[in-house]
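Just below is one structure, and these are the notes that go with it.
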Amino acid sequence: MGLVVYNYLTRSKETFKPVTPGRVGMYVCGPTVYDHAHLGHAKVYVSFDVVNRFLRFLGYRVRYVQNITDVGHLLDSGEDRIHRGAAREKLEPMEVVEKYAWSYFDDMDALGVRRPDISPRASGHVTEQIELIQCMVDKGVAYVSDGSVYFSVDAYPAYGRLSRRNIEELQAGTRVEALEGKRNPLDFALWKHAQPEHLMQWPSPWGRGYPGWHIECTAMSAKYLGLPYDIHGGGLDNIFPHNESEIAQADAAFGEGYANYWLLAGSLNVDGVKMSKSLGNFVTIKDALAKADPAALRLLVLTGHYRSPLAFTNDALEAARTGARRLGAARDKVAAYMSARGLPPEEDLASLQGEPAETRDRCVESLKDDFNTPQAAGVLFEAAHRVNTLLDEPSPPEETVRGFDALFREVGDRVLGIIPKAGLDLTGLTPRLMELLLALRTELRTARNYPLADRIREELATRGISVEDHPDGPRWRMDR
RNA sequence: GGCGGCAUAGCCAAGUGGUAAGGCAGAGGACUGCAAAUCCUUUAUCCCCCGGUUCGAAUCCGGGUGCCGCCUCCA
């Protein structure tokens, strides 16, 4: 079976066919960097990380573009999010952007999220956005009003196609004031006129101002991926108006189609409602990482399907931690067996035979079916159970164990990233162990058990560690 | 009000026509100086409710109930 993805444009599963055989262009809406990221962000970006990794696993050459929004994303009040952050922390807007962009990258690195190939910033692509807007003005689908430029939804009948809304219904349900110089309340800003005191502003054909929120994604994805491209991803909560408007802009300006497949991720819920900044019901990724292994957090996210909402509870987090440990323990047990017998790791998944091959197929088929990570993870848990049982037998079949080892590495770790890293962090462990050993030796000396105390010192000496007894206690050092 | 989605064991969660994956928690057992890990066994006669279609439905259709998302703040 080929790769099948659920496409929000058609609301159905479709066989994936890239524009250029063997290559995939993917764009995912990135964060607005004005505060630390939370687990809700982790769900979306870990989900698309698996999409990215699995596409590469299948042999596609992927170009993954994910923007950093650092201008133009407004709050209800009309205040720019970046300005909000700048005012809060008494920083330059670009200092806020730097701080939280790096915070975000650090979080993603810690979560084992493979970096996008390009992370373009909106503020670095104002020229491209202006050109795109000008193109729409020239074609008559956008109009200038008091130094701002608006997209005219009336000039684009297909508006609402992605989110399944129609313009009339939207108009009927518009919440109050149409405001400013909009011809239609649904028209959205492409370019906003800036007051002199507005901190982030650029010159444009329509005066000084700044780009609207939706335009950056259209401009930057078109620039780096060309049109049409294959996959557009993001959170389902942005389907309207953001994603809808992206499509409208691209179609209106270029008429070449935009993204062929729309993959949108469900939100992370707490007590039934979305984890979000505004509700304050969030756990930052940094806080979560202080308590749980990255693999555990990934497992938490990936035990649910990416399209579905996921209920976050502390019990679910605990379950993920324990589950990830279980996978790690099985992987370690297999690795120890391989090491003890000097078995070289199997590098070629395609060459697997028997049970491991069946397990591989079940995992891959699950992932090919719209990235069904819960099912693939379930299969790996069964594999862990199976290999644990095998290794308790007198003579485990070597090829089978090797095959499972390969699966844990290639699927469990490389594609899903749900198996904790092998090996312990030994940093600082030696001093702590020496402290323990010398404390025990001191007790022996106090009890006048000198033979055993001396034996500890001698045994340590043969290992290059000398121990000296001083009035204030023992000291040790590595001699070599 | 409009549009969309969800409802599966104590918790998280797959499964979209053929008779309920997986994880956590729980129970019994093996092993163990104790503990942990590991292993074995076990835990939903049933998938929100009521009708219908079908030889057969958690899965399809109709109605109802509850919850959620979006409707220019949000990944």
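Here is how names work: the chains are called A, B, and so on, in the same order as the sequence lines, proteins then strands, and each is numbered from 1.
Here, B:U16 and B:G29 have their C1' atoms 39 Å apart, quoted to the whole Å. Comparing B:A37 with B:A14, their P atoms sit 27 Å apart, to the nearest whole Å. A distance of about 26 Å separates the C1' atoms of B:C67 and B:G52, rounded to the whole Å. Spacing between B:G62 and B:A21 at atom C1', rounded to whole Å, works out to 31 Å. A gap of 22 Å separates the P atoms of B:G4 and B:U8, to the nearest Å.
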Going 5' to 3' along nucleotides 8-21 of chain B, which nucleotides have protein heavy atoms under 4.0 Å from the base (write B), which only from the sugar-phosphate (write S), and which from neither (write -)? ---SSSSS-----B
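Judged by distance alone, with hydrogens and angles left aside, A:Arg321 brings no side-chain donor or acceptor close enough to the base of B:C24 to form a pair under 3.5 Å.
With a cut-off of 3.5 Å on both pairing distances, the Watson-Crick or G-U wobble partner of B:U42 is B:G26.
The two residues A:Tyr150 and A:Leu190 make their nearest non-hydrogen contact at C-CD1, 4.0 Å.
Atom CD of A:Glu318 and atom C1' of B:G23 are 13 Å apart (whole Å). Rounded to whole Å, the distance from CG on A:Leu279 to C1' on B:C68 is 12 Å.
In this structure, A:His232 and A:Tyr258 have tilted ring planes: the angle between them lies in the 30° to 60° band. Ring geometry for A:Tyr100 against A:His36 counts as perpendicular: the plane angle is over 60°, on a 0 to 90° scale with 30° as the lower cut. Under the 30°/60° scheme for interplanar angles, the aromatic rings of A:Tyr104 and A:Tyr45 are found to stand perpendicular.
A:Asp405 places no side-chain N or O within 3.5 Å of a backbone atom of A:Val334 that could act as its donor or acceptor partner. Between the A:Gln129 side chain and the A:Ala219 main chain, no donor and acceptor come within less than 3.5 Å of each other.
Projected onto RNA chain B by closest heavy-atom contact, A:Ile239 and A:His242 fall at different nucleotides, the more 5' of which corresponds to A:Ile239. Each of A:Lys333 and A:Ala320 lies near RNA chain B, and the nucleotide nearest A:Ala320 is the one positioned closer to the 5' end.
In this structure, A:Asn388 reaches the B:C39 phosphate: one of its side-chain N or O atoms is under 4.0 Å from OP1 or OP2. At the phosphate of B:G23, OP1 or OP2 sits under 4.0 Å from a side-chain N or O atom of A:Arg326. Within the 4.0 Å cut-off from OP1 or OP2 of B:C40, not a single side-chain nitrogen or oxygen of A:Arg386 is found. For B:C71, the OP1/OP2 oxygens have no side-chain nitrogen or oxygen of A:Ser163 closer than 4.0 Å. Here A:His385 reaches the OP1 or OP2 of B:C40: one of its side-chain N or O atoms lies under 4.0 Å away.
Note that A:Arg386 lies outside the cation-pi zone of A:Phe404, set by a 6.0 Å cut-off to the ring centre and a 45° limit from the axis.
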